[in-house]
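Structure first, then comments.
Just so it is clear: chains get the letters A, B, ... in the order the sequence lines come, proteins before strands, and each one is counted from 1.
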Amino acid sequence: MLHINKIRENQESYLALLKIKNIDAAKLFSSVIAKDDERKATQQKADELLTKGNQLAKQIGELYKIGQAAEANALKNESSTIKESSKALQAKQAELEKEIQDILVQIPNLPHPSVPQGKSDENNITIKEVGPIPTLMKGAKPHWQLTTDYSLIDFELGNKITGAGFPVYTNRGATLQRALINYFLDKNINAGYTEYLPPHLVNEASMFGTGQLPDKEGQMYHSAEDNLYLIPTAEVPVTNFFRDVIVKEFPIKCTAYTPCFRREAGSYGKEVRGLNRLHQFDKVEIVQIQHPEKSYETLDIMVNHVASILDALELPYKILQLCGGDLSFASALTFDFEVYSAGQQRWLEVSSVSNFESYQANRLKLRYKDENGKIQLCHTLNGSALALPRIYAALIENNQTAEGIRIPKALQSYTGFDIIK
RNA sequence: GGUGAGGUGGCCGAGUGGCUUAAGGCGCACGCUUGGAAAGCGUGUAAACGGGAAACCGUUUCGGGGGUUCGAAUCCCUUCCUCACCGCCA
């Protein structure tokens, strides 16, 4: 959420930046500022009345104390009238605040000035490409075939007990999954992140804090009876640890493995085949809370960290800078990672590393005290390091040989085997 | 699920309608003291919004919401959460 006062001060430049995201916010800005003007005027009137009311109450108390009940009673009427009108004003103020809030949550974060204009993912810019693209043997298969042939994943069994998009990992397939989770966590811990294992259900306030509510209501699984939501990413519980917190030291670095639950309403076709898109999947997330002056430096460090994991796994990948049109609502700058999955000859998104600047922090009330003792908003960043299913798909597709599926060196101590036959 | 006790500034904790502008303690910061430190003494120590160049002032906030009252941390209703014991259970 953008801050209303910042919008006031920087209207023109903000409008120009939002154009990069293909958003024309001129009307929203003018209406939100008008409402805010009204809010201020209302508050001033209400405050005046309340001051008077407080003074009267005090006077009445003092009159009673010295036994002048008649004089005290005479003041009660006035006090009651003031009470009524101040209540009305406070109600109006609350209503205006809600209206302002409702507008502000509709305005996306400003993109970083370096973000290229663009309509869709076709306009993203490839920053780096790391090869080589593997040449597979004749008759190479996509992962959904391999997982069946080698008994790694039972999609049918998942269909039976839950439904499509809920695979059951079996035997060495399950071991490989577990190995990847541990490998990613260890990599992150070695890079200075603190590991957390958070709850997988969160309350409504947390979903508001990171912005899943109100706009993505339909994308999440919801337990109505307890009003709890299944998390779509570890970002939600972990970032919300710091809701309403005034942090003392930077940076804060967290990593967490969680399953992620997404309804993915409206997805279909080859996009969802096999492991490409699931309703439940595993992911290891990294989150940082940083001082505003250091957040872009940190973003680079996080991008390099994710790249180093892919290097170690010997996967071909490319790093993309998202254009305005593809940038998420809350993000100012995002780098996506895609790995090449040779069996289906496709690039698959496996990580998205973003700087949200103060956008989430404003919602979360996540702040620090600057050198002058003034309260300021922190910057938040997060990224996947990494999302499992597509890494899994690329790993087994790219490493398939006539003898079996080879496990990259870095993972062997985690799996306990170097080939799946 | 049942019964009971609670939720008060960063923390502990007092507070049964006006003397609370939330006591007292701990912690933290600054100062005095000291060769230096500790102790001691003193001062200060929340956030949001509004007004103001600033100093500062006003309003709101004692889990959340609503009510009674001229006046609520305190009384009433409601809701959430925590703890203890019991029941069930990995």
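The nucleotide B:G52 finds no pairing partner, because no Watson-Crick or G-U wobble arrangement with both distances shorter than 3.5 Å includes it. Nucleotide B:G31 has B:C41 as its partner under the Watson-Crick or G-U criteria, with both atom distances under 3.5 Å. In a base pair of the Watson-Crick type (N1 to N3 plus N6-O4 or O6-N4) or a G-U wobble (N1-O2 and O6-N3), with each distance short of 3.5 Å, B:G7 is matched with B:C80. Here B:A46 sits opposite B:U61 as a Watson-Crick or G-U wobble pair (both hydrogen-bonding atom distances under 3.5 Å). B:G24 is paired with B:C12 under the Watson-Crick or G-U wobble criterion, all donor-acceptor distances under 3.5 Å.
Taking atom P on both nucleotides, B:U16 is separated from B:G67 by 25 Å, rounded to a whole Å. Taking atom C1' on both B:U82 and B:C28, the two are 28 Å apart, rounded to the nearest angstrom. As rounded to the nearest Å, B:A73 and B:G64 have C1' atoms that lie 15 Å from one another. Between the C1' atoms of B:G18 and B:G71, the separation comes to 7 Å (whole Å). For B:A38 and B:U60, the P atoms lie 42 Å apart once the distance is rounded to whole Å. Across the P atoms, B:U21 and B:U74 are found 14 Å apart, a figure rounded to whole Å. Going from the C1' atom of B:C12 to that of B:G6 covers 15 Å, rounded to whole Å. If you take atom P in B:G66 and the same atom in B:A29, they sit 40 Å apart, rounded to whole Å.
For A:Glu84, the CD atom counts as loosely surrounded, since its 6.0 Å shell holds 12 or fewer non-hydrogen atoms of other residues, nucleotides or ligands.
A:Leu56 comes within contact range of no nucleotide atom at all, as no heavy-atom separation falls under 4.0 Å.
Classified by interplanar angle (parallel below 30°, tilted 30° to 60°, perpendicular above 60°), the ring pair A:Tyr414/A:Tyr183 is perpendicular. Aromatic ring orientation, A:His222 versus A:Tyr229: parallel (interplanar angle below 30°, classes split at 30° and 60°).
Among the nucleotides B:C70, B:G50, B:U60, the one closest to any side-chain atom of A:Tyr64 is B:C70. Of the candidates B:G50, B:U59, B:G71, B:G71 carries the atom nearest the A:Ala57 side chain, counting heavy atoms from C-beta on. Taking every side-chain heavy atom of A:Asn54 into account, B:U59 is the closest of B:A47, B:U59, B:G18. With B:G50, B:A46, B:C70 as the choices, the nucleotide that has an atom nearest any side-chain atom of A:Lys369 turns out to be B:A46. The side chain of A:Gln90 sits closest to B:U60 out of B:C70, B:G50, B:U60. Comparing B:G58, B:C70, B:U60 by their nearest atom to the side chain of A:Thr51 picks out B:G58.
The residue from A:Arg262, A:Lys283, A:Gln212 that alone fulfils the side chain to side chain donor-acceptor pair (under 3.5 Å) condition with A:Thr233 is A:Lys283.
In terms of phosphate contacts, A:Asn77 brings no side-chain nitrogen or oxygen within less than 4.0 Å of OP1 or OP2 of B:C70. For A:Lys83 and B:G71, the shortest distance from a side-chain N or O to OP1 or OP2 is below 4.0 Å. The side chain of A:His3 contributes an N or O atom lying less than 4.0 Å from OP1 or OP2 of B:C49. Remark: A:Arg367 is not in phosphate contact with B:A47, judged by side-chain N or O atoms under 4.0 Å from OP1 or OP2.
With A:Ser206 contributing its side chain and A:Val202 its backbone, the two residues share no donor-acceptor pair below 3.5 Å.
Against the 90° criterion about 0, the sugar-base torsion of B:G64 places it in the anti range.
Across all their heavy atoms, A:His291 and A:Phe250 have their closest contact at N-CD2, 3.4 Å.
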